[in-house]
Protein chains: 2
Amino acid sequence: MKITIGEIARQAGVSTGTVSRVINGKPTVATDTRATVLAVMKKLGYEPDPVARELSRRTKHTLGIWVGAGENRLSPYFNVIWRALLREMQVRATQFVELPVDLTPVRRKLDAVLMFHCADIDQRLATLWRRGVPGALIGHHPNISCVAPDDMGGGRLAAERLLALGHWDLLHLTVADEHQWAVDRAAGFTAALAEHRGGSLAPTILRGGGSVLGGYRLMRDAWLQGHRPTGIFCATDEMAVGALGALADLGVAVPEQVSVLGFDGLVDLYPGLASVAQDIPSIAHEAVNLALNAIERDAIRHVIVPVQVLEGATLGPARARPAR
Amino acid sequence: MKITIGEIARQAGVSTGTVSRVINGKPTVATDTRATVLAVMKKLGYEPDPVARELSRRTKHTLGIWVGAGENRLSPYFNVIWRALLREMQVRATQFVELPVDLTPVRRKLDAVLMFHCADIDQRLATLWRRGVPGALIGHHPNISCVAPDDMGGGRLAAERLLALGHWDLLHLTVADEHQWAVDRAAGFTAALAEHRGGSLAPTILRGGGSVLGGYRLMRDAWLQGHRPTGIFCATDEMAVGALGALADLGVAVPEQVSVLGFDGLVDLYPGLASVAQDIPSIAHEAVNLALNAIERDAIRHVIVPVQVLEGATLGPARARPAR
DNA sequence: CTGAAAGCGCTTACAG
DNA sequence: CTGAAAGCGCTTACAG
């Protein structure tokens, strides 16, 4: 039998109204009443039915997702985070609508808008402000609640992992466009290498397209121009896949001759790909949280979600350093 | 004011129960009563509230989506169809769960399962049959309701479009794996070329990986081996993007020297890409329909959704044929 | 701080 | 074939 609010109320000896209040964190509940109810809920493993909540709430929450014009909606990363967002909203039974790039004709009432960081973010925030719609952002901005992966820390982790494997000639492939995440990943990587105890190292940084083909071309051209790195850190897994493709075409053995480390954690992209993984479910969870909180005009919060290195077959010890 | 079932009932002069019955297509409604209600619904632009339906339905429908082990869940195509499916289920307020490759440990009751065609489809159908779970398939199979794009017809359309532009040396890039859709696209393409009034043509067919990189390599190698087609038909847009990348690297002008036509209609993948477009929203709609109908043990149906050629900048008239 | 009650928009036995 | 009524699982004024 599905366990409902009524059952909780019965076992806790209170009314369903009170149970509802504790579920929704209303302040008007006595501390010990709250404790009792919470205890019963936990004991029974109760979870509110999102469908019922949505139906009974007078004003339904609908969240708009506003994707920038430049965002590649077909990229694997976007794919994964999009699914995570939808799943999150499904759990909360929140309606969502994907907003067109041009918001002008949208008449529908939006309770809040979730955005990805994009070039014209300031303009977008102004638009929302004008319409009085609160929002949250996946990315960085001082004037709005944000959530982002720890790009800088991830860059450091990448460096540390490669250093631990003895790598001494590092290449960083990243995107030509000035994305904050790309800047941060490169900065973290560079900083950690500079601080290396075994002697300060500076990576070669090459910039190009962020897709598989971009990574392919960067890697191929770098190799043909004589670059012979021991370790390669790519700003995205897509670029890493491209780089691996180029290395394969060039007959370079991975990881024997060179190690490759990606960023994002989309290991399904390539069997055995090592990557600095984002915690995408957490990012999605926080993002929806922030957007929903923004409806209540909560304080602006900035959340940084940790990343971690996923080991893989593309990572190995560095080849020996030639005697100087 | 939101328009509800009660308002319809009032204006149609019937009870809400009756309105509900016509909404749900129950047979026990008089023909003219049904007509009246339908008319009022249309006049008011009424749409049932999916949340309310879901809540009041005694047994909630939950649809499982069972993705094959070999399916690339990060591909743009999968991406798009997945989103279309979720949107469809959102509209119907149907719960959905993504099923693990191994169904054995799944205890949750599934009302129906939606699958993509995959290598071990027979085995999967047997599993469902054993568990008494109905299903539907995106792809082809005689024993279950299916929906698929018109792959064969799309192959023909591709040929006809290229012939109309005067192309006379055709290359078809496709996947090495024996997917039914790939077989059908190639078959339609080949058949239409063979029937060409200006004289029967046979395309060169090259097989490789289905990704961007696969298309890149096939195209590059073909060109380096001396192939000089006037028109190229790729079995997927991803391959087309790869082929375009290779042509760019080789300094071949598109469409002046060679035309490229993809398949799927994911034009966001590459600005100006011409493609035989699938009607993905319709496919998703039909798929969810079939799965839901399967719950009622409806007859097996096979639906083929039409495709159409999307023009684009990668398509142009063929270069002149050298005198023989 | 808390309870009793109405209501969200639909569906579905139960009668007739 | 159709209506009246109960109910899905919650939330929220309204009283107290």
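Note that this is a predicted model, so its numbers are computed, not measured. Every chain is numbered from 1 and lettered A, B, ... according to where its sequence line falls, protein lines coming before strand lines.
Taking a 6.0 Å sphere around CZ of Arg301(B), one finds it holds 12 or fewer heavy atoms contributed by other residues, nucleotides or ligands.
The side chain of Ile5(B) lies closest to dT11(C) when the candidates are dT11(C), dG3(C), dG3(D). When distances are taken from the side chain of Thr16(B) to each of dT11(D), dT2(C), dT11(C), the shortest belongs to dT11(C). In the set dG9(D), dG9(C), dT2(C), the nucleotide with an atom closest to the side chain of Arg21(A) is dT2(C).
Panel note: side chain His285(A), backbone Leu85(A); no donor-acceptor pair is recorded below 3.5 Å. No donor-acceptor distance shorter than 3.5 angstrom exists from the side chain of His179(A) to the backbone of Cys118(A), with no hydrogens or angles considered. Remark: side-chain polar atoms of Asp237(B) are paired, donor with acceptor, to backbone N or O of Leu266(B) under 3.5 angstrom. Side-chain atoms of Trp66(B) do not come within 3.5 Å of backbone N or O of Glu98(B) as any donor-acceptor pair. Remark: the backbone N or O of Thr16(A) is not paired with any side-chain donor or acceptor of Ser20(A) at under 3.5 angstrom.
Nearest heavy-atom pair across His140(A) and Ile304(A) is CE1-CD1, 4.2 Å. Nearest heavy-atom pair, Val133(B) versus Val113(B), reported as atom, atom and distance to 0.1 Å: CG1-CG2, 3.9 Å. What you find for Leu114(A) and Ala287(A) is that their closest heavy atoms are CD1-O, 3.7 Å.
To the nearest angstrom, P of dC10(C) lies 9 Å from CD1 of Ile8(B).
In terms of phosphate contacts, Ser15(A) brings no side-chain nitrogen or oxygen within less than 4.0 Å of OP1 or OP2 of dA4(C). Distances shown here put a side-chain N or O of Ser20(B) below 4.0 Å from the OP1 or OP2 atom of dT11(C).
Contacts of residues 29-45 of chain B with DNA chain D (heavy atom under 4.0 Å): Val29(B), Ala30(B), Thr33(B).
Thr28(A) comes within contact range of at least one nucleobase, with a heavy-atom separation under 4.0 Å. As judged by a 4.0 angstrom heavy-atom cut-off over every strand, Val14(B) is placed among residues touching the sugar-phosphate backbone only.
Every stem involving DNA chain C, taken as at least 3 paired positions in a row under the Watson-Crick or G-U wobble test at 3.5 Å, is listed here: C:1-3 with D:14-16, C:5-12 with D:5-12, C:14-16 with D:1-3.
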